[in-house]
Amino acid sequence: EIFDLVDELEKSEGKGATFYNWLQVKPSATIPEINKAYRKLSLQLHPDKATIDKAKAKERFARLGKVAAILRNSGSRERYNFFYKNGVPRWRGTGYYYARFRPGLTGVVVFLLVLVGGMQHLAHWINYTMEKRRIIQFVQDAREGLAQKAPKGHTAAVVGRSFIEIQGHMVRCEVMSNEYLVVYPEQEDPIHLNVAWVQRPSLWSVYFVHWP
């Protein structure tokens with residue numbers, strides 16, 4: 001409550017306003033002096049005397065009561081005096097900021113959509129990177145087979161037919177380039193694996209942007 005009042009008082013009465021200078025008393029003021037200053041200022045700020053903005057007048061009057069209550073209580077006054085002398089900390093705890101900037105339902109929904117969408121987009125990028133690495137690894141494995149078939153004293157071919165192991169089975173393939181391989185499964189159509197053909201993720205593939 002003290003942090004809130006400090007902020008509200010500075011916004012209402014100007015930067016540098018404190019509980020004491022607003023009441024026009026010294027920090028060493030006694031309870032009777034605080035009560036006297038409160039009564040004097042409350043007469044000036046009473047909402048019945050407001051001619052223009054009565055809502056603002058009610059807020060100032062209510063704020064005055066809270067300030068006076070804090071200064072009348074020894075415990076809360078001691079706590080306020082600490083911040084009065086040492087300054088109010090910039091970080092005031094998550095509860096303070098949550099109370100002041102509590103998100104509405106729309107804000108929460110938007111945040112969750114962005115969070116889930118971001119995680120989905122990250123997952124797409126991981127799959128994209130892994131798929132490219134998988135193709136390049138197949139090409140390297142196939143070239144190892146080409147190197148084993150090369151006659152001694154001859155440079156191994158970098159393109160051509162070879163074999164790769166997929167899930168424990170040797171499968172025929174053909175290396176077309178550093179990033180392009182054709183796999184020939186038995187009794188199935190050839191499978192073309194090309195790094196350039198792997199679909200690059202985009203924000204349009206996120207579910208709330210591109211609904212299936």
Side-chain angles (χ1 to χ4, degrees), residues 1-129 201-211:
E1 184 181 23
I2 290 178
F3 291 150
D4 288 331
L5 281 175
V6 169
D7 285 345
E8 291 172 5
L9 189 62
E10 287 195 343
K11 289 179 181 178
S12 175
E13 310 303 324
K15 191 172 181 61
T18 68
F19 292 4
Y20 293 115
N21 62 27
W22 191 37
L23 285 172
Q24 296 183 354
V25 296
K26 296 179 180 180
S28 58
T30 62
I31 297 299
E33 289 174 335
I34 289 173
N35 289 336
K36 181 179 179 181
Y38 166 74
R39 287 193 295 269
K40 180 180 178 181
L41 189 57
S42 64
L43 291 175
Q44 299 174 15
L45 300 182
H46 199 281
D48 291 344
K49 294 188 176 182
T51 57
I52 302 178
D53 195 339
K54 287 188 175 294
K56 185 176 180 180
K58 289 180 180 180
E59 289 179 1
R60 293 182 73 197
F61 189 75
R63 189 177 302 120
L64 174 63
K66 294 178 181 179
V67 167
I70 288 175
L71 296 183
R72 287 169 181 153
N73 182 279
S74 59
S76 59
R77 183 176 181 179
E78 182 179 358
R79 186 163 179 260
Y80 172 74
N81 284 342
F82 175 83
F83 296 123
Y84 173 77
K85 294 176 182 177
N86 299 284
V88 178
R90 290 185 178 182
W91 175 252
R92 306 180 184 179
T94 55
Y96 170 81
Y97 290 107
Y98 181 78
R100 292 180 64 83
F101 307 106
R102 183 182 293 112
L105 178 61
T106 302
V108 172
V109 171
V110 170
F111 171 76
L112 290 176
L113 285 175
V114 172
L115 178 62
V116 174
M119 294 176 64
Q120 185 185 26
H121 188 58
L122 177 62
H124 288 170
W125 268 101
I126 292 174
N127 291 335
Y128 168 74
T129 303
S202 70
L203 290 176
W204 293 106
S205 62
V206 176
Y207 78 92
F208 65 84
V209 176
H210 178 71
W211 197 265

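Everything quoted here is computed from the prediction, not taken from an experiment. All residue numbers refer to positions in the sequence shown, counting from 1.
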Backbone N or O of [Y] within a donor-acceptor pair of the [X] side chain at under 3.5 Å?
X: Asn21; Y: Gly16; result: yes
X: Tyr80; Y: Phe19; result: yes
X: Lys49; Y: Leu43; result: yes

What are the two closest heavy atoms between [X] and [Y], and how far apart are they?
X: Leu5; Y: Val67; result: CD1-N, 4.3 Å
X: His124; Y: Pro201; result: O-CG, 3.5 Å
X: Tyr38; Y: Arg72; result: CD2-NH2, 3.1 Å
X: Leu41; Y: Leu23; result: CD2-CD2, 4.1 Å
X: Trp22; Y: Arg60; result: CH2-O, 3.7 Å

Report task. Write out all pairs satisfying ring-ring contact (aromatic ring centres under 6.0 Å, His included) with one or both partners inside residues 50-70, taking only residues at least two apart or from two chains. Result -> His46-Phe61
Report summary line: Across all chains, not counting sequence neighbours, the side chain to side chain contact (heavy atoms under 4.5 Å, CB included) partners of Ala29 are Val25, Glu33, Ile34, Arg77
Query raised in the report: Would Asn81 and Tyr20 count as a side-chain contact (heavy atoms from CB on, under 4.5 Å) if you check the C-alpha gap in whole Å, the side-chain angles of each, and the deciding distance to 0.1 Å?
Result: CA-CA 10 Å; Asn81 284 342; Tyr20 293 115; 2.5 Å; yes
Exceeds 12 heavy-atom contacts within 6.0 angstrom, atom [atom1] of [X]:
X: Phe111; atom1: CZ; result: no
X: Lys54; atom1: NZ; result: yes
X: Gln24; atom1: CD; result: no

Could you grab the distance from atom [atom1] of [X] to atom [atom2] of [Y], nearest 0.5 Å is fine?
X: Thr18; Y: Tyr84; atom1: OG1; atom2: OH; value: 5.0 Å
X: Arg79; Y: Asn73; atom1: CZ; atom2: CG; value: 11.5 Å
X: Arg63; Y: Lys11; atom1: CZ; atom2: NZ; value: 10.0 Å
X: Leu45; Y: Lys58; atom1: CG; atom2: NZ; value: 14.5 Å

**Report entry** side chain to side chain donor-acceptor pair (under 3.5 Å) partners of Ser202, counting only residues at least two apart
**Finding:**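 Ser202 satisfies side chain to side chain donor-acceptor pair (under 3.5 Å) with no other residue.
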Query - Audit row: Lys36, Lys40, side-chain contact (heavy atoms from CB on, under 4.5 Å) steps and yes/no - result: CA-CA 6 Å; Lys36 181 179 179 181; Lys40 180 180 178 181; 5.8 Å; no
